[in-house]
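Computed from heavy atoms alone, side chains included, the values below leave out hydrogens, waters and symmetry copies. Chain A is the first sequence line, chain B the second, and so forth, proteins listed ahead of strands; every chain is numbered from 1.
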Amino acid sequence: MDRNVNTPINTSTGWLKSIAWAEILGNYGAQLVFLTLIAACALSTPKFFSLGTLEITLLDVFPVMLVALGMTLVISSGGIDISVGAIMAISGAVTVALYTSGVGWVLSMGCGIGAAALCGLFNGVLISIFRIQPIIVTLVVMIAGRGLARRIQVDPTTSLKSTPFDTLGLYRIAGKVPVQIVIMLAVIAVMLFVVKKTVFAKNTEAIGDNPRAARLVGVNTLTTTVGVYVVCGVLCAIAGIMTIARIAQLNAVTLGGFIELDAIAAVAIGGTPFSGGRARILGTITGAIIVILVGVIVGLNKMPDDYAKVFKALIIVIAMWAQRRK
Amino acid sequence: MEHYLLEMKGIGKTFPGVVALDDVSLFIRYGEVHALMGENGAGKSTLIKVLTGIYPRDAGEIRFDRNGFSPTGAAQVQQAGISTIYQELNLIPHLSVCENIFIGREPKTRGLIDWKTAEKRAKEILTDMGLQEVDVLGPLRKQSVATQQMVAIARAISIDAKLVVMDEPTSSLSEKEVQTLFRVIETLKEQNISIIFISHKLDEVFEICDRATILRDGRLVGQYSIGDLTKLKLVSLMIGRDATSVLGKNKSVSTGREDRQVVLKATNLSRARRTTEISIDINSGEIVGVAGLLGSGRTELARILFGDEMQDRGRIEIGGKSARMKSPRDAIRLGLGFCSEDRKEEGLFPNMSVMDNMTMAVLPELSKAGVLSRRAQLEIAQSYIDKMGIATSGPNQPMKELSGGNQQKVLLARWLCKNPMLMILDEPTRGIDVGGKAEIENLITELAGDGVAILMISSEMEELIRSCDRIAVLSEGRKVGELAAKEISEEHIMQLMAHGSDSREDVHGP
């Protein structure tokens, strides 16, 4: 109220000196950290630039990337979803259980994805109709979902070697590009389109920014919220099923374990505000890559994996500092 | 030479690219009520923030109680004896009244908080203010806004403040509550406490203030005795042009047109205990005012008409057809628009752009199969920014950076771009400076001229009298009367309000 909007703000050169850096850090904090990290890696790890390392990194990043993209949408609606790992496990367990009992692999996958969508529906309905805190609702699904996945799982030692899943997991398009990378790029493209171009994303951001005002401008808060959690669930399902396919095995206990932490970290590093109101897809993409890179670099330098966790924490703090708003 | 409690001399403050204050001075006497006047952006808030140490000053000198004063933090300012009561109360609703008064400075014995003493002192302070009936141990949120305001003042008194800064203290108070506040202010004056009073309401300034300092565009216009000013003169000084052009009669010339149609007809609306059998009808091109004190049911009426709450009994017809609205979505589909009295909580998307804020309600029409046409969105935003003279750096500027008046214009534009049949405006000019107010009032009149039906709720009687064709008066959840154009006057409205609450059995709305 006290700011004089009639006066142009960016006329003096003093403005450039004092504001521009903060703006750049705020908008591109994640990207800057990312670049610094790559440079540090290149210097310290001779093998880093070989194609093999790059490919492994991209495959590792696949599940975190998909889940983090769904998480970005959820967080921009002012919510959070910590049930993502459990949803991955449920969709994997449903898919494998159906397949081993003789259902075709495509239909099995479809049902796996359907089960994940149902979990998302459950989350969305409880949050928007019964107005329960998102963290509580998804905590419930996280706990119950993991247990449910273990009950659905027929036999944890079942190998999926030489099944269509195995083939899918190792499939390379044109004999070169792993199918995961193509799926990942496709999902990224779709999410970018959704966030930039659709009414759904605007409604989502509006709910995140001011839920009361969203209702009063006629946003259908129920369908929008449900939609957000269903999209997140479906992305988890794709991540879960593709992970099973790649390692040709299902373990409902470990599949997607702690992935919610990496996904939330990726969103945080990417600069999507946790108060809701804004989804930053490009930020999340770099965030997810950074989270995985840290692990890869720690591994290549033959340090114990525990260090990766400390470094991740450090990067989150740095990214949050760079993006802080005064 | 006269001694002042506060002397601020030659204060300058520059933000990157903006001169917020340029050689501004403010002198406050002991025990006076001093109005600090100016439009939004004149520099009032900045000056207060310099005084309270939130912003360091770039130039000038401050003396407080005859000593040099260079505040750096809230604690130091409080210790010196300056207390600030902001528009948005900085109290904690879940804590008790007593806790709120003493928070951070609780009386202690042996390191533990002495609640008995705190309770006793809280009672004493509130009794001195004429509020002996307040339950000091009950949670603050159960109290009315007015009482909460008083608690904020009680807090100021309890730290032995010598100077109390009140920033728009009456913006959410009813007439009666304002009088209570003024009584408290008089008591403070008697104790030789000085008050800086910031308000957009001229009547109040003339009623309670001794002197006024006027700012415009970050500069000092002058310091005046209230006795030497007239309303008109004060307004011209504030906006720097002839006020008669701003405060003229807005009333639409369309009164008595033949081609009017009933847009909305509500019969015997009741909900819970707050709304009882209210009937009202609004025609196209007509501005119908709703007058009533806070708690009279005026906002509840708006919520029911907009489908935000459902009536328990009664019926609503829109465009001649019975309408059952389960949510605002239904109301919007029927061609209604609603601007809430609470912009921040119920209107703005602060982090989203001006463009998104403006087009939020019209998005379905700007999209095909859910895919948005950004070009159409931009076109609408730009055309309304130009048409309404919204001061913004562009359609992509975040909404939170706009001034109150410009935010309100964006919120009005949000509905205008949908070509509504009926607009419900709850306190459309609250917290907006005089120039902005006139612009918004003119806009509303223009809208009515274009055939839009308007239901305007306001606690500012002058505003209703200036704009409305008819005025319905509410009291305690009932409609106690309706005034047609010729009968509209401040006196009549007041009579109805008073009559309504005294003997509601005798009077029924027409």
Asks: Return yes when atom CD of Gln133(A) has more than 12 non-hydrogen atoms of other residues, nucleotides or ligands closer than 6.0 Å, and no otherwise.
Replies: no
Asks: Less than 4.5 Å to any heavy atom of chain A: does that hold for the side chain of Leu366(B), its backbone, both, or neither?
Replies: neither
Asks: For the interface with chain A, which of Asn357(B), Asp356(B), Asn351(B) has the highest count of heavy-atom pairs at distances below 4.5 Å?
Replies: Asn351(B)
Asks: To the nearest 0.5 Å, tell me how far Leu216(A) CG sits from Glu345(B) CD.
Replies: 11.5 Å
Asks: Are there over 12 heavy-atom neighbours, none belonging to Phe122(A), within less than 6.0 Å of that residue's CZ?
Replies: no
Asks: Where do Gly347(B) and Ala213(A) come nearest, in terms of heavy atoms and distance?
Replies: O-CB, 3.6 Å
Asks: Tell me if the CZ atom of Arg219(B) is crowded by more than 12 foreign heavy atoms within 6.0 Å.
Replies: no
Asks: If you take all heavy atoms of Lys202(A) and Met360(B), which pair is closest and at what distance?
Replies: O-CE, 3.5 Å
Asks: Sort Arg333(B) into side chain, backbone, both or neither according to what part of it lies under 4.5 angstrom from a heavy atom of chain A.
Replies: neither
Asks: On a heavy-atom basis, which atom in Glu346(B) and which in Asn210(A) lie closest, and how many Å separate them?
Replies: N-ND2, 4.2 Å
Asks: Considering only heavy atoms and a distance below 4.5 Å, find which of Val362(B), Asp330(B), Ile332(B) pairs most often with chain A.
Replies: Ile332(B)
Asks: Inspect the contact between Asp308(B) and Arg212(A) and indicate whether a charged nitrogen and a carboxylate oxygen are less than 4.0 angstrom apart.
Replies: yes
Asks: Is it the backbone or the side chain of Ala201(A) that comes under 4.5 Å from a heavy atom of chain B, or both, or neither?
Replies: neither
Asks: Side chain, backbone, both or neither: which part of Phe349(B) has an atom under 4.5 Å from a heavy atom of chain A?
Replies: both
Asks: Out of Gly218(A), Pro273(A), Gly208(A), which one racks up the most heavy-atom pairs below 4.5 Å with chain B?
Replies: Gly218(A)
Asks: Looking at NZ of Lys197(A) and OG of Ser373(B), how far apart are the two atoms once the value is rounded to the nearest 0.5 Å?
Replies: 6.5 Å
Asks: Tell me, side chain or backbone of Val194(A) under 4.5 Å from chain B's heavy atoms, or both, or neither?
Replies: neither
